Each structure stands twice: as C-alpha cells, then as structure tokens.
Amino acid sequence: MSKYYLTTPIYYVNAAPHIGTAYCTFTADLIKRFQIQQGRDPVILTTGSDEHGQNVERAAKAIGKSPEEYATAIANEFVRQWQALGISVDHFIRTSDPKHFETVRDLFERCQRNGYIYKGSYTGQYCFHDELYVNDAKPGDPCPDCGRPTETVTEENYFFKLSAFGDKLLELYEREPNFIQPETRRNELIAFVKQGLNDLSITRTTINWGIPVPVEGKHVFYVWFDALISYMSAVKDREGIWPADLHLIGKDILRFHAIYWPAFLMAGGLPLPKQVFAHGWILFQESKMSKSRGNIVRPGPITEVMGGPDPLRYFLWREIPFGQDGNFSYDALIERYNADLANGIGNLASRTLTMIQQYCGGLVPASSGAPQIAEGAAAAAKEVTSRFLDFDFTRGIEAVLAFVSSIDRYIVERAPWKLARERQTSPEAGEKLNETLYTSAEALRLVCGWLYPVMPTSMEKIWAQLGMPTPLAALRAPDLRWGLLAAGQQTQKPEAVFPRIEAKTAIPRMQELEILEKDRQNALLGKKPEAAPPPTPAEPTITIDDFAKVDLRAGQVLSAEAVKGSDKLLHLKVDIGEPEPRTIVAGIALAYKPEQMVGRKVVIVANLAPRKLKGITSQGMIVAASLEGGSPVLAGFLEDVPVGARLK
C-alpha cells in the first residue's frame, strides 16, 4: 500500500513537555502503529521543536544563555521525553537545522517569483508571547489568544498576500471536505475566511534569532512562515513522502495550519497536505492546561506510578472523544484503569492463561472455537477498524471492551472449571472445554492486535504470555481474523499485566513526583523554585451535635442525564435504600459524563431541604471535594458499602 506521512505540531521551546503535548504525540504514535498494521508503507512520523522568535531570545538572555543553547536544552528534553514514553518518532526536526533554512528560503523565493511577496512597513499591536500581530487593536489591548497586553511595534517587513487566497481556500474546503476536521472546526474556519483575509507580515527586523531572509537588510522570518515549513524540511531528503497525509494539531493553532499554511504552499506551487485535524484541550480544574496558569500536569510522574505510559494513553482516548475537550483527574485515571484494565482486559488474560495452564498443561487446545464468538469477533474487527480510521478512538475502544465482556459472559456460561471435572467421564465435556479455552485464547489474541496501537507495551506482554511466535508489531490487518491461533502452542505462566492500583497511595505519590518534576523542568527553563503557598485557613469549628444533624447515606446512581439548558447540571436518580429513588440535581456535568455516573456509589446528604433547580426538585445533595476553584471530585468508597448505609 501507499505511504502515510503524519506530523504533530513543532512544539515551541517556551515550555517543557506536559500532558497536553504528550496527548497529541501519543495520538500520532497510535495512528502510526495503526496505519502500519493496515499495511501502509512507509509510515513516517515527524515532530520537532520551534526555536526562533523574540520569546526565545528574551528567555535565553534572562538566564545567561545564548538562544541556541537554550533551545537545544529544551529540544533535547522533548526528545528524551518521547523516548521515555515509548513514542516511535522517525524525524525530530529543529527549526535551527541548516536544512530547514534551505527549505524556508526556497519557499519564500517561490512565493516571491509568483508575485505574492511585497515590501512594506507595519505599525501596530504585537503579542510577543504568541508571536502574533493583532489586527484592529489599540495600544495595550489584550492578545485575543493569551490575554496578555500587546505592545506597539513599527518596522519594515515583507508581507505575504494572504488576501489573494480567500476564494482559493474556500474552494479547497468545499472540494476537500475532510481537509479540516472535525466538522465543527471546519465550519468555524469557513466563517472566518468568509469575513476576508488581511495580508500577513512574514519577516521581522527587530530580532536576530531567526532564519535570515535572502534580501537586503537584517530581516529574519516571522515564526509561522518559519515553523510551518518544518513539516517539509523533515522529509526533504526522502522522495515521495511529501505531501503530509495528516497534520495533528491543537485547536488553538488551527488558523495557522489551515489558512496560512495552504496559502503559502499554493503561492509556491507546491502540493498541499491532505488533512488537518484539530483536537481539543485537556482540562484540569476546568481550565486549559498552560504554563501561564500554572496548572500543568506532566506525564512522567503518572507513568512512573501507573507502571508505564500505557494506562495514561488508554485513559486519554477512552475518556476523551478525540477532537473534543476533556477533563483529566488522578481519581478518574485510576478508576478507569481498575475498571477497564485490571478488572476487564487484565482479568480476561489472567483467567484464560491460568485455565490453559491448569487444564491443558499450558498448550492451546485444538478447536475451531465457538461460532457465535467468531461472528462477534468479525463484527468487532470491522467496527474497530472503521472507528480508528475516523480517529474515533473512544468508540473503537468501546467496541473492544464490548467484545471482552462477551467473552467474560461466555466463560461464565460455559463454566470450564466444571467441564474440567466432568471430562473424565464425558468426552463431550472435554470437547466443550477445549472449545471454551481455545475461544478465550483466540479472543485474547485478537484483543492484543486491536489494542496494540493503544497500549503497545502491555499488549506485547500478553502476546508473549500467549506464546505467539512472531512479534506483535509485525501483525497486519489480515492476521486479525478468527482461527489463526495454532493448536498445541505453548503458553507461558500468566503474570499480572494490569495489577490493581490503590488510589489512596497512588495519587499522593503522583502529586509528590509532580512537584519534583516541575522543579526539574523549571531548572531546565532557568526558573527559580516557587515558594510554597500559604496554608488554607480552616473553617469555623462545629460541635458533634451539629455534625449529627447531617444525615449522610451511601447511594447508588441508577440513571443520569444532562439538564436541559445547563452545561453544569446532571439530573440523577439515586437509590439510598428507600422505597423510591431520590431525584438529585448535581453541578458536576463539567467533570463527569452521565454514562460515568450510572452504577456509581456516592455519598448523599439525605436530609437537605428540597430545592428547585432548572424546574427539577432536588431531594438531597451529592458530596464532593475540589481544590479551590477546581472541578468537583466525588466522594466514594474503597470497600463495598450497602446502599442506604449511614455515614457517621
């Protein structure tokens, strides 16, 4: 099959890697592994570092380094992090690479020859943080992207005739409806372009740290004309790789990639990328993670405590539909891990391999498997492939989990432990036992293949325990059909791939390591350690009699749905051991989806006076904790507690 070339953003060196940059790069790695599995060849992944601009020049000067020394330190940190996280990168392009200089100058000269570059002067507002000229702004007005005050600049520039490309871009969006995805972002961009485009300044004369422009004077290229071209520079020596099949980016830089970038390429007469996909933000305490807000979470501490990057990878795609914003919390991470991985996939692997060891001497029994499960596997394979091709990883993973659940039910219904006892006197029981264990093992083989792009290291461990003779990375789509597991294959003694993790010890450890990692990265960036915040004053005390007035009960959520007209409220039906379930309206919709709530044990204030919210009478309150100004975290139980139990 044909090549597949995909890229992440070229990450700016004003910050070290965090969970947001890891999210995009993890996803690129998933797509790369999946496309290889589908038979595309070669599959090339490029990431890199965007190193030029006044921000970098200022940051380097502040810590007594040259811009090149500063940028090299941060670029090396990205390389180290991606390697530590098991991300398979083919090209790491730095915008300070001499071969990139050549590509930028070549495109500039192409655009100039074709009449799309002219010399002019610019006086106006500029955001140094985002390297962004802000049109229609007055001195001191905030930047529309980051909110910082803009500064007035006047300088001679070279301009790109972006205004000449409005109709051409709209024609592109109409002709190639998948060029911008998801659809909501496409619609936003079309509306923006229809308002008209202004010409774009693409050079600067007030800074030295940049790529020199091949003209008279001290012009250097403006950061976006420089950075975007790095996607071509990375593969300029590999014939037939450009254009990119996919640019993966965050939604905040869509305009640069879906307006500026295709316009530059059109002006230079060069092929356009096939698709730009803008994913949403990961929210922490209901805000986008950013270094300016100080609410960044880093992947290293999470992977150290969770046993590697796979649990984090799985959580991000299982919990957050790709393309939308989504919340991250340590509690949700561990809850999802234990429910889906420890109790689900991990349990299936353990029980299947253990029974093969006990009942078959560790050898895969001879059978063609259960026909109804084979049919289910074919349907699941089709669904997973279709969803992953559409970047709908959440639904694809759900299809795998549904298949795993069907195998769990099949094992319970067949009761192989009974068949093992009965086979001494019943040949039919022996045949059923062989069919049951082969079916479970073959199902496990397929699950490993489907989820390999999602959790490569974990699936390789289960694959090895199955005794598979070929590497999992060598598996291709035709191998993911029923019945290819060889009878008589020697399996290994099972070892837990997803051991249960206790939140009460794991979360404090991740938070402790997060502080250490933050200090390490701050030292890399030349920042001084932050002083510890003052302790939060305690609330006024109450007596034991005051507390006794509060009737706290254990409840279980029976149903949950969004409240019409509100983005914060959920309408819940909660069983607290009374004849009828309670109706409770809770302000947790930004942190918890309705489907996450169903079946969950919660703590209820049962004797709170009823109150109407959005026309619904709420008969109590759910107990939750949060950091100051943060998203709610529901109180729950580590042990099984009966519905209606009182808390004292």
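In this text the structure is predicted, and so the values were computed from the model without any measurement.
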Answer with yes or no whether the side chains of [Y] and [X] bring together a donor and an acceptor at under 3.5 Å.
X    : Y    : answer
Y11  : T25  : yes
Q596 : E319 : yes
T385 : W450 : no
R298 : Q521 : yes
S618 : K612 : no
T543 : D546 : yes

Please check: side-chain N/O of [X] versus main-chain N/O of [Y], any donor-acceptor pairing under 3.5 Å?
X    : Y    : answer
S386 : E383 : no
Y314 : D340 : no
Q181 : F277 : no
T8   : C24  : no
D575 : G577 : yes
R313 : P453 : yes

For [X] and [Y], I'd like to know if the aromatic rings sit close, meaning centre-to-centre distance below 6.0 Å.
X    : Y    : result
F315 : Y337 : no
F34  : Y452 : no
Y23  : H279 : yes

Query raised in the report: Under 4.5 Å between any side-chain heavy atoms of P456 and D310, yes or no?
Result: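 SC-SC contact between P456 and D310 confirmed.
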Query raised in the report: Hey, does F322 have a side-chain heavy atom less than 4.5 Å from the side chain of T394?
Result: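 No, their side chains stay 4.5 Å or more apart.
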Report task. Sort out for me which residue in L634, L647, V603 forms a side chain to side chain contact (heavy atoms under 4.5 Å, CB included) with V623. Result ->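 For V623, the side chain to side chain contact (heavy atoms under 4.5 Å, CB included) check succeeds only for V603.
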Between [atom1] of [X] and [atom2] of [Y], what distance do you get to the nearest 0.5 Å?
X    : Y    : atom1 : atom2 : result
K32  : L246 : NZ    : CG    : 14.0 Å
F498 : N343 : CZ    : CG    : 12.0 Å
E460 : M455 : CD    : CE    : 12.0 Å

Query raised in the report: Taking the six-membered ring of F393, is the NZ or CZ of R387 close enough (under 6.0 Å from the centre) and on axis enough (within 45°)?
Result: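 No cation-pi geometry.
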Query - Heavy-atom neighbours of R414 CZ exceed 12 at 6.0 Å - result: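 Enclosed.
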Report task. Check the surroundings of atom CD in E580: do more than 12 heavy atoms from other residues, nucleotides or ligands lie under 6.0 Å from it? Result ->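 Atom CD in E580 is not crowded, with 12 or fewer foreign heavy atoms closer than 6.0 Å.
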Donor-acceptor pairs are to be reported for all side-chain atoms of residues 299-307 against protein atoms at under 3.5 Å, with residues two or more places apart or in another chain.
| residue | atom | partner | partner atom | Å |
| --- | --- | --- | --- | --- |
| T303 | OG1 | P299 | O | 3.4 |
| T303 | OG1 | G300 | O | 2.9 |

List, one per line, each side-chain donor-acceptor pair under 3.5 Å for residues 548-558, sequence neighbours excluded.
| residue | atom | partner | partner atom | Å |
| --- | --- | --- | --- | --- |
| D551 | OD1 | R553 | NE | 3.2 |
| D551 | OD1 | R646 | NH1 | 2.7 |
| D551 | OD2 | R553 | NE | 3.1 |
| D551 | OD2 | R553 | NH2 | 3.0 |
| D551 | OD2 | R646 | NH1 | 3.2 |
| Q556 | NE2 | G599 | O | 3.1 |

Query raised in the report: Do you know the tightest heavy-atom contact between A560 and V598?
Result: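 In terms of heavy atoms, the two residues are closest at N-CG2, 4.1 Å.
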